[in-house]
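Working notes for the structure below.
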Amino acid sequence: MDILSGLNPPQKDAVETISGPVLILAGPGSGKTRVITHRIAYLLRVCGVKPSHIMAVTFTNKAAREMKERLEGLVSFAVKGLTLGTFHSICARILRRDGKIIGIESGFVIYDDDDQKSLLKRTLHDLNLDPKQYAPSALAAAISAAKSQLLTPNDYYQRGRSYFDEITARVYEHYQKRLQESNALDFDDLLMKTVLLFRQHPEVLEKYQSRYTHLLVDEFQDTNLVQYELIKQLGGKHRNVCVVGDPDQSIYSWRYADIRNILSFEKDFPDTKVILLEQNYRSTKTILETASKIISANQQRKPKKLWTDNAPGEPVTIVEAYNEQEEAQYVITEIEKLVGRGEYSLGDFAVMYRTNAQSRVLEETFIRYGTAYRLVAGTRFYERKEIKDIVAYLRLIQNHSDSVSLARVINVPTRGIGEQTQARLLNWAKSMNVSTYEALRTLAQGTNDSPFTPGTAKQLTAFFNVMENFTAKSREVNLTDLFDFVVESLGFKGYVFDQPEGEERWDNVMELRGVAQEHNDLPPPDGLASFLEGVTLVSDVDSLQEGGSAVTFITLHQAKGLEFPIVFILGMEDGLLPHFRTIDDPAQIEEERRLFYVGVTRAKKKVYLLRAFRRTLMGRSSITTVSRFLADVPGDKTSSASTGWHEKADFSSALYAWNRLSPLSDADLMSGQKAAPPLPSTALPDPSTSRTGLKAGDRVRHSQFGEGTVIGLKTTRDDTEATVAFADIGVKKLLLSFARLTKVA
DNA sequence: GCCTCTGGATTTTTT
DNA sequence: ATCCAGAGGC
């Protein structure tokens, strides 16, 4: 049987044990993804299970997409009807179909963190609470914590101890009311409401339980209580539940993931078969042994014995740079050296770090050297204002109750509806006990009982008519036509162009149009719905395209599940890794160590661990402390390198003391003591090359615009903008982080 | 009602 | 260092 060939005995076991609960404990690089895809293929091809009876849950949409591709490669036909996605996207689907019974309209919108924050602010305002005293972010965290433990506002009242708990309970309750009014759910609601739906309506649960005869859950160590509850509910009938995880890679406890789910699983499913995948196929012996040493420093864990047949390979290189600029320079120099030898290409390298802020220096340095890179996250496309505005219009079209979107767009582009008017409108709607949108309708129908002057009433009515017009259109035409209609009716182009970097913003809008186009084959209302869902539930890694000719910059968290031939881990300093916010809690330190472990085990061939002697954080430069984790890295597996600043500085110890005492800037200290940076800053930005490996003159292809020639590249704060001349469309400026430009030979 | 300026906060990780 | 919210001027 070809589905089983090439698997080792425990892998084979994991694929073939399809009845009853299975817990697969899979070490890094042990072929976990392979096992999952083969298992599904086995179910389909050998056991004759229908795709529609299988649910597979992944951590990211990207993982889901890749799994589908690999699966289809294996079974060599298109798999239709399989339920495959993240917990969030699967729950959204369930609630759209069956949420009505617990008061969720199928057209609900999903509020992201930004929307959540807006709504919380309004809630605070309603409750006469000072947002300075009760930080919306802290309340959001508390509410999210509550929801992750299935606590309703009522439960919260009963648990409340401190004054802050009391406040939180009140805010939570009111916030939920506001969400309900807006027909909106936040991320945590997607999970929690699904569990509640199943609890309150066993007949609905029964429907799903019967349908899904086989359940698979990846990254089980990072599930929270609600997700685990869902697994128990859905798998409760057939009990063919297979969960795959690695406690040593649990790094999301701050998102209320709970390792104890692994222990609970064996208790809740007493006949669980446990399968260990311990052979590593990814890394060299040196890397695997180093990683094992690191993780065995954790007290709260079960020891396990990972092994590999791979060659010993090269030592782990530990580097001490002078500061973060030099740290980045070392990375580049090393990469250029290895690429120069022809052994590796840029796509083989990943640079990993604890905090997103660390990517900045990397970017600056890579831009200066003209080395191609790609940053995961950073520029979050969907967080741009012009994008959020359009999306808010589209959301409001789908769901007139969406108060956050309404508030966002009612005066965009400016139509003379200011804060006063908006506050008055909210109050008026409240007094009539209708939604804001319905209040507008009343006004438009010509009531003489409104609190507005005729002029203001006219403005509001105009806005209402615009929305009605959009809504009518949305029922008739496909998504891009609707998109164009909205954008044109609003005069959005002119509006956007009047703002700084207008052209760039406009091109972003056009990129969004390109995304909309992908939903065009669905009939009118569905296209909009599926587009909006995709827009909210995407994550940053989802857009990462592996390989290619650029170095990957990525946080340690995002790196989970990925692999690269060569990995650099930056900022091996106490305060960064482990992060200073975790340092007084041993449990959290252990999680930081797991994070480090995840980073190291991403590497196939070689690992570099870097630290800086001095580092500037939040505007303050100070001398660092070596990460305590380096003490766990076995000395016989490492080699040290230096960027040479010790030797170049003749009085390094004096310099050290001086640094401690003197408030002089880095520039003062470094003059004459350290090699000058390779290029003066006036040489940036280099117009002829970009971090994506494109240069002026290259032929490229764009999904919408067709083929064109790059005529210029400009690096902005967090992105590269390419100016491309397209044959049919003319000259366009495109953001490379988003526009999928492929080079044509 | 809208725009600009300034002081204050802010940075851990994300579906 | 950078971003955001609130205050004050037009």
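Residue numbers start from 1 in every chain, and the chains themselves are labelled A, B, ... in the order their sequence lines are given, proteins ahead of strands. Keep in mind that the numbers below use all heavy atoms, side chains included, and drop hydrogens, waters and symmetry copies.
- Rounded to a whole angstrom, the distance from the C1' atom of B:dT13 to that of C:dC4 is 22 Å.
- The separation between A:Gln459 atom CD and B:dC2 atom C1' is 14 Å, rounded to whole Å.
- Using a 4.0 Å heavy-atom cutoff across all strands shown, A:Asp113 reaches at least one base atom of the nucleic acid.
- At the phosphate of B:dC2, OP1 or OP2 sits under 4.0 Å from a side-chain N or O atom of A:Asn411.
- Rounded to an integer number of Å, the gap from A:Arg581 CZ to B:dT10 P is 10 Å.
- Considering A:Glu363, A:Arg374, A:Gln558 as possible partners of A:Phe553, the one that fulfils the side chain to side chain contact (heavy atoms under 4.5 Å, CB included) test is A:Glu363.
- Here the nucleotide nearest the side chain of A:Arg360, chosen from B:dT14, B:dT15, C:dT2, is C:dT2.
- Between A:Phe580 and A:Arg424, it is A:Arg424 whose nearest contact on DNA chain B lies nearer the 5' terminus.
- One atom, CD of A:Gln422, and another, P of B:dG1, lie 9 Å apart when rounded to the nearest Å.
- Take A:Ser118 and apply the side chain to side chain contact (heavy atoms under 4.5 Å, CB included) test, not counting sequence neighbours, and it matches A:Val404.
- Within the 4.0 Å cut-off from OP1 or OP2 of B:dT14, at least one side-chain nitrogen or oxygen of A:Thr555 is found.
- When rounded to the nearest whole Å, the span between CG of A:Leu191 and C1' of B:dT15 equals 8 Å.
- At a threshold of 4.0 angstrom between heavy atoms, the contacts of A:Tyr252 are confined to the sugar-phosphate backbone, with no base atom among them.
- Regarding A:Leu562, its CG atom lies at a distance of 15 Å from the C1' atom of B:dT13, rounded to whole Å.
- For A:Arg96 and A:Glu533, the salt-bridge test passes: some basic side-chain N is under 4.0 Å from an acidic carboxylate O.
- Here A:Thr421 lies in heavy-atom contact (under 4.0 Å) with sugar-phosphate atoms only.
- Counting only distance, with no hydrogens or angles, the side chain of A:Gln422 and the backbone of A:Ile417 share a donor-acceptor pair below 3.5 Å.
- A:Phe452 places its CZ atom 10 Å from the P atom of B:dG1, with the value rounded to the nearest Å.
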Would you list the protein and nucleotides 4-6 of chain C atom pairs, both N or O, that sit under 3.5 Å from each other?
unit_1 : atom_1 : unit_2   : atom_2 : d
C:dA5  : OP1    : A:Lys121 : NZ     : 2.9

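- Residues A:Gln221 and A:Glu219 bring a donor and an acceptor atom of their side chains to less than 3.5 Å of each other.
- Between the side chain of A:Ser250 and the backbone N or O of A:Pro247, no donor-acceptor pair lies under 3.5 Å.
- Rounded to whole Å, atom C1' of B:dT14 lies 13 Å from atom CG of A:Leu595.
- For A:Arg255 and A:Gly416, each mapped to the nucleotide of DNA chain B holding its nearest heavy atom, the one lying further toward the 5' end belongs to A:Gly416.
- The backbone N or O of A:Lys560 sits nowhere less than 3.5 Å from a side-chain atom of A:Gln249 that would complete a donor-acceptor pair.
- Among the heavy atoms of the strands, none lies under 4.0 Å from A:Asp222.
- Residue A:Asn356 has a polar side-chain atom (N or O) positioned under 4.0 Å from OP1 or OP2 of B:dT13.
- Taking the side chain of A:Thr414 as heavy atoms from C-beta on, and the options B:dT15, B:dT14, B:dC2, the nearest nucleotide is B:dC2.
- With sequence neighbours excluded, the residues forming a side chain to side chain contact (heavy atoms under 4.5 Å, CB included) with A:Asp98 are A:Leu197, A:Val204, A:Lys207, A:Tyr208, listed by chain and number.
- Between A:Gln558 and B:dT13 there is no side-chain N or O to OP1 or OP2 distance below 4.0 Å.
- For A:Phe553 and B:dT13, the CZ to C1' distance is 19 Å, given to the nearest whole Å.
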